[in-house]
Amino acid sequence: MTENVYSVSEINSFLKRLLDKEDTLRNVQVVGEISNFKRYPSGHAYFTLKDADAVLKCVMFRSRALGLRFEPRNGDTVIAVGRIAVYERDGVYQLYTDLLLQQGVGDLMQAYEMLKSKLLQEGLFDQERKQPLPVNPQRVGIITSPAGAAVRDIITVSRRRNPGVKLLLYPVQVQGENASAEIADAIRFFNEKKLANVLIVGRGGGSIEDLWAFNEERTVRAVAGSCIPVVSAVGHETDFTLCDFAADQRAATPSQAAEMAVADIVSYRQRVRFLLERCRSLMAARLAGAQRTLEALASSWALRDPQRLLADKALRADGAYARLVQNMQRRAQQAQHALALQAARLDSMSPLAVLGRGYSVTQSRDYKLIGSVEQVQWGDELVTTVRDGQIISVVQQVEGR
């Protein structure tokens with residue numbers, strides 16, 4: 001078998017890796033006519049895109065298909081946005097579709113994707129840039145149309161959660177030619193005047209054209225550059241704008257934005273009441289325990305009859321003193337006996353005792369002991385010590401033995 005022979009799986013795997021490495025195929029927009037569109041019970045949608053010369057298999061998984069703004073029909077001309085990859089099991093390549101748009105919004109989507117990629121590379125959407133929302137803001141800035149339902153929803157929810165919160169509305173256009181500039185100016189105004197602790201920027205839902213002011217670079221950079229935390233509340237759950245990515249928090253609806261930005265004072269008060277009651281209960285339990293301890297100590301025999309405690313200790317001290325005296329006396333008697341024995345031994349070895357038994361010590365005149373006849377000669381004077389005195393004599397004769 002030659003080295004150039006591959007299995008089917010190896011070929012399909014090779015082609016899959018090859019396509020996955022191609023950056024151009026990771027985010028493509030394909031225009032074509034829908035054919036064989038079918039939704040399965042799983043929620044996934046399968047269809048093909050075709051033109052006069054070719055067809056392309058497509059799949060749209062449930063998580064993406066739920067966001068469709070229209071019901072695709074066979075024969076519709078659409079723009080599909082997604083990635084091209086190989087399905088290894090069947091050995092076919094297909095378009096894994098993330099977004100399906102009716103023809104006419106392709107230019108907007110292309111601009112959307114290009115700006116998104118640019119700002120993403122700049123780090124404008126990085127999580128590290130996000131600011132935390134204040135826990136209990138006193139002033140909330142609202143940037144939206146004064147005539148839309150969004151502002152009414154925000155006011156209603158905010159008043160319900162915290163009747164004392166100050167709501168500052170900066171009215172702007174939310175769609176049209178001047179909308180982007182007005183929204184960006186409003187964000188800068190709140191930042192320069194430091195009028196709010198948090199900002200809600202948004203509007204109700206709509207088509208991609210209606211929401212386009214929140215996809216323009218001027219608006220997105222103003223949101224990202226705000227020193228005041230921003231909650232983006234543009235459209236409904238399935239509507240994502242570039243402001244959503246740049247904001248510190250994204251809300252699916254204006255009502256949810258108010259819930260995220262405004263503290264629920266009622267819940268706080270309930271929590272405080274709960275904690276106060278818990279503190280009272282714990283304090284009462286501590287005091288009751290201390291009272292029981294005090295009563296137990298007050299009724300103890302040590303406090304009622306303290307002399308009893310001292311008497312026991314006095315008896316123990318007296319007993320210890322008596323044992324100490326006895327021990328010292330016993331040791332003293334032994335020491336006296338030992339001293340007497342030593343004295344007797346010393347006395348038995350004393351020269352005086354030896355002299356007392358009839359012995360004597362002879363010395364020369366210069367008191368050198370005489371132990372041999374060779375140490376003396378005729379005429380030498382000797383001193384002989386006996387028990388009761390000394391005898392001075394002169395050598396008259398020396399005899400050896």
Distance-only donor-acceptor hits, side chain of residues 73-91, under 3.5 Å, sequence neighbours excluded:
unit_1, atom_1, unit_2, atom_2, d
Asn74, OD1, Asn36, N, 3.1
Asn74, OD1, Phe37, N, 2.9
Asp76, OD2, Arg73, N, 3.0

Is there a donor-acceptor contact under 3.5 Å from the side chain of Asn197 to the main chain of Gln138?
->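 Between the backbone of Gln138 and the side chain of Asn197 there is a qualifying donor-acceptor contact (under 3.5 Å).
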Check for a donor-acceptor pair, side chain of Arg203 on one end and backbone N or O of Gln175 on the other, with a separation under 3.5 Å.
-> no
With sequence neighbours excluded, tell me which residues meet side chain to side chain donor-acceptor pair (under 3.5 Å) with [X].
X      : value
Asn12  : none
Glu182 : Gln173
Ser35  : none

Taking the six-membered ring of Tyr96 as reference, does the NZ or CZ atom of Arg64 fall below 6.0 Å from its centre and within a 45° cone about the axis?
-> no
Between Lys38 and Tyr40, is NZ or CZ placed under 6.0 angstrom from the six-membered ring centre and within 45° of the ring axis?
->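 Yes - Lys38 lies over the ring of Tyr40, closer than 6.0 Å to its centre and within 45° of its axis.
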Pair up each side-chain donor or acceptor in residues 273-287 with any protein partner under 3.5 Å, not counting sequence neighbours, and list the distances.
unit_1, atom_1, unit_2, atom_2, d
Glu277, OE2, Arg280, NH1, 2.9
Ser281, OG, Glu277, O, 3.0

Would you indicate whether the side-chain heavy atoms of Pro146 and Leu169 approach each other to under 4.5 Å?
->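 Heavy-atom side-chain distance check passes, below 4.5 Å.
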By salt bridge (Lys or Arg N to Asp or Glu O under 4.0 Å) - contacts of [X] (at least two apart):
X      : value
Glu33  : none
Arg161 : none
Lys166 : none

Only pairs at least two apart or in different chains count here, so list each ring-ring contact (aromatic ring centres under 6.0 Å, His included) that has a residue in residues 119-160.
->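 For residues 119-160: Phe125-Phe245.
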What pairs meet the ring-ring contact (aromatic ring centres under 6.0 Å, His included) rule with one or both residues in residues 367-391, with sequence neighbours excluded?
-> none
Step by step, would you call Arg17 with Ser13 a side-chain hydrogen bond (donor to acceptor under 3.5 Å, both in side chains)?
-> CA-CA 6 Å; Arg17 291 196 301 272; Ser13 179; 2.8 Å; yes
Mind checking side chain to side chain contact (heavy atoms under 4.5 Å, CB included) for Thr293 and listing every partner two or more places apart, or none if nothing turns up?
-> Leu297
Show me, pair by pair, the donor-acceptor contacts under 3.5 angstrom made by side chains of residues 324-341, not counting sequence neighbours?
unit_1, atom_1, unit_2, atom_2, d
Asn327, OD1, Arg330, NH2, 3.2

